[in-house]
Amino acid sequence: MVLISGSGTNLQVIIDQCADGEIPGRVVGVISNEPSARGLERSAHAGIPGVVIDHRDHKTRNDFEVALGRQIDSYKPDLVILAGFMRILGNNLVRRYRGRMLNIHPSLLPDYPGLNTHERAVADRIAEHGATVHFVIPQLDAGPIVVQGRVQVHPSDTPAALAQRVHEVEYQIYPQAIRWFAQGRLTLQDNCACLDGVPIRL
Ligand code: GRF
């Protein structure tokens, strides 16, 4: 099951790779906190149930989280995939899906957690940037790292140009991590992401 807030281009790649068998699984549902998310059109087009749980309809963060958790649970997903989901999840939900929830973040974590990563990378004139897939833990943009994809930062890069190249890398590494999980090869053991039982070292 995939959680989104926006355009859903990562979602699209996941849907496509499930459809053509590259990922041995299927997307059972999509949840968006944004009613206008373009990703909902993608799920509808693929015949996948899409649900809106608008955080603005809930008085407290906890109310939103309870509603979201109920909806996720109703699909009985093996894996919860955060793909551009722009709300911070609370501890209850994160603990419930420990080892079964992945996120992709547009930086080489632990560098640049949080928002506006491409803008910050360009402003800092760093040489290398990229994206990180990690297991989700209560701490934001942290959690055991599964895989990273790297891109060179050019002196002439704008944040938009850099974002586009990072997205291309995301379309490689996120399906790869999900494929590993679906094959039963990727696990969270203690605080360590493991592939075939061996801790992943970057
Ligand atoms: C991606 O850059 C991802 O790393 C971040 O949000 C963006 C989602 O893009 N978490 P899209 O909605 O998949 O196009």
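In each ligand, atom 1 is the first atom listed, and ligand 1 is the first ligand listed. All heavy atoms count here, side chains included; hydrogens, waters and symmetry mates do not.
With respect to atom 8 (C) of ligand 1, the closest heavy atom belonging to the protein is G84 CA, 3.6 Å. For atom 9 (O) of ligand 1, the closest heavy atom belonging to the protein is H167 NE2, 3.2 Å. Looking only at protein heavy atoms, the nearest one to atom 1 (C) of ligand 1 is E170 OE1, 3.1 Å.
At least one N or O atom of T9 sits closer than 3.5 Å to an N or O atom of ligand 1. Looking at N10 next to ligand 1, an N or O pair under 3.5 Å apart turns up.
Atom-to-atom distance recorded for Q17:CD and I23:CD1 is 5.0 Å, nearest 0.5 angstrom.
Classification of R56 and E34 as a salt-bridged pair holds, one side-chain N sitting under 4.0 Å from a carboxylate O. Under 4.0 Å is where a charged nitrogen must lie from a carboxylate oxygen, and between E168 and R165 no such pair does.
Counted within 6.0 Å of NE2 on H45, heavy atoms from surrounding residues, nucleotides or ligands total 12 or fewer; the atom is thus considered open.
A pairwise comparison of heavy atoms in P35 and L40 identifies O-CD1, 3.6 Å as the closest pair.
At least one heavy atom of I104 sits closer than 4.0 Å to an atom of ligand 1.
For atom 12 (O) of ligand 1, the nearest non-hydrogen atom from the set G6, S5, G8 belongs to G8.
Looking at H129 and H118, their side chains do bring a donor and an acceptor atom within 3.5 Å of each other.
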